[in-house]
Amino acid sequence: MSHTILLVQPGLRPETRTYSDYESVNDCMEGVCKIYEEHLKRRNPNTPTITYDISQLFDFIDQLADLSCLVYQKSTNTYAPYNKDWIKEKIYVLLRQAAGQSD
């Protein structure tokens, strides 16, 4: 359980920057998925059920102007930065674990 801050900049303009904080890295990765799901709901308001695969989620992440995480490191009492590739790797692991539990 490491406090994690998600930094998101969807557009090129700095005014589009936002942040969210989470109790753990996994909670943060679920938050990234929720951001994408909200994006899909806005684009498809009349679709009752929205499905997507991981490649579509990763394409969405790649098209964001910026997406990064700051993860609290207890040993140094600092936050370590992580980029989009790290986020995608953590999401992949999280979704694989979730898929394994649903079998």
Side-chain angles (χ1 to χ4, degrees):
M1 295 283 282
S2 293
H3 184 253
T4 305
I5 301 169
L6 178 67
L7 306 170
V8 183
Q9 183 177 342
L12 296 176
R13 295 188 339 269
E15 309 85 73
T16 65
R17 292 178 184 151
T18 60
Y19 76 94
S20 305
D21 68 314
Y22 300 89
E23 293 299 313
S24 70
V25 170
N26 278 357
D27 287 350
C28 181
M29 298 308 112
E30 288 175 11
V32 173
C33 293
K34 284 185 181 24
I35 289 169
Y36 181 54
E37 290 163 8
E38 290 302 318
H39 167 77
L40 290 176
K41 287 178 188 174
R42 283 193 304 275
R43 293 186 68 195
N44 305 284
N46 299 323
T47 306
T49 305
I50 294 175
T51 58
Y52 60 92
D53 65 37
I54 198 164
S55 66
Q56 293 167 306
L57 172 60
F58 286 179
D59 287 345
F60 172 77
I61 289 171
D62 288 338
Q63 64 91 25
L64 296 171
D66 191 24
L67 181 72
S68 54
C69 283
L70 299 171
V71 181
Y72 182 69
Q73 309 296 308
K74 189 175 184 179
S75 60
T76 57
N77 204 29
T78 60
Y79 283 86
Y82 294 96
N83 63 15
K84 287 180 182 181
D85 288 335
W86 183 87
I87 292 169
K88 290 192 288 188
E89 182 181 320
K90 293 295 179 187
I91 288 173
Y92 177 77
V93 170
L94 179 72
L95 294 179
R96 269 192 58 187
Q97 289 171 344
Q101 292 173 355
S102 66
D103 288 344

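Quick note: numbers below take in every heavy atom, side chains included, and nothing from hydrogens, waters or symmetry partners.
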Checklist entry - Hey, does the side chain of Gln9 reach the backbone of Leu12 with a donor-acceptor pair shorter than 3.5 angstrom? => result yes
Checklist entry - Do the two ring centres, one from His39 and one from Phe60, sit under 6.0 Å apart? => result yes
Next on the checklist: Quick check for you: to the nearest 0.5 Å, what is the distance between Ile61 atom CD1 and Asn83 atom CG?
Outcome noted: 11.0 Å
Checklist entry - When you measure from the side chain of Thr18 to the backbone N and O of Thr16, does any donor-acceptor pair fall under 3.5 Å? => result no
Item to check | Nearest-0.5 Å distance, SG of residue Cys69 to CD1 of residue Ile87 | outcome: 4.0 Å
Next on the checklist: Please determine whether residues Val32 and Tyr72 belong to a single hydrophobic cluster, defined as Ile, Leu, Val, Met, Phe, Trp and Tyr linked transitively by side-chain heavy-atom distances below 4.5 Å.
Outcome noted: no
Next on the checklist: I'd like to know if the side chain of Thr47 reaches the main chain of Ile50, judged simply by a donor and an acceptor atom lying under 3.5 Å from each other, with no hydrogens or angles considered.
Outcome noted: no
Next on the checklist: With a sphere of 6.0 Å drawn around OH of Tyr19, does it hold more than 12 non-hydrogen atoms of other residues, nucleotides or ligands?
Outcome noted: no
Checklist entry - Out of curiosity, Phe58 CZ to Tyr36 OH, how far, rounded to the nearest 0.5 Å? => result 11.5 Å
Checklist outcome for this item: Interatomic distance, OG@Ser68 vs OH@Tyr82, rounded to 0.5 Å, equals 12.5 Å
Checklist entry - Do Leu64 and Ile91 belong together in a cluster built from hydrophobic side chains that touch within less than 4.5 Å? => result yes
Item to check | Salt bridge Lys34-Glu37, side-chain N to carboxylate O under 4.0 Å | outcome: no
Checklist entry - Considering all heavy atoms of both residues, which atom of Thr4 and which atom of Ser2 are nearest to each other, and what is their separation? => result OG1-O, 2.8 Å
Next on the checklist: I need the Lys90 NZ to Cys28 SG distance, nearest 0.5 Å.
Outcome noted: 11.5 Å
Checklist entry - Leu7 and Trp86: same hydrophobic cluster, using ILVMFWY side-chain contacts below 4.5 Å? => result no
Item to check | Glu23 atom CD, over 12 foreign heavy atoms within 6.0 Å | outcome: no
Item to check | Donor-acceptor contact present, side-chain Gln73 to main-chain Ser75, <3.5 Å | outcome: no
Checklist entry - Is the closest side-chain donor-acceptor distance between Asp53 and Ser55 under 3.5 Å? => result yes
Checklist entry - If you round to the nearest 0.5 Å, how far is OG1 of Thr78 from NZ of Lys74? => result 13.5 Å
Next on the checklist: Side-chain heavy atoms nearer than 4.5 Å, only ILVMFWY residues, links allowed to pass through others: does that put Tyr79 and Leu6 together?
Outcome noted: no
Checklist entry - Should Leu40 and Met29 be counted in the same cluster of Ile, Leu, Val, Met, Phe, Trp and Tyr side chains packed under 4.5 Å apart? => result yes
Checklist entry - Looking at Lys84 and Asp66, does any basic side-chain N land under 4.0 Å from a carboxylate oxygen? => result no
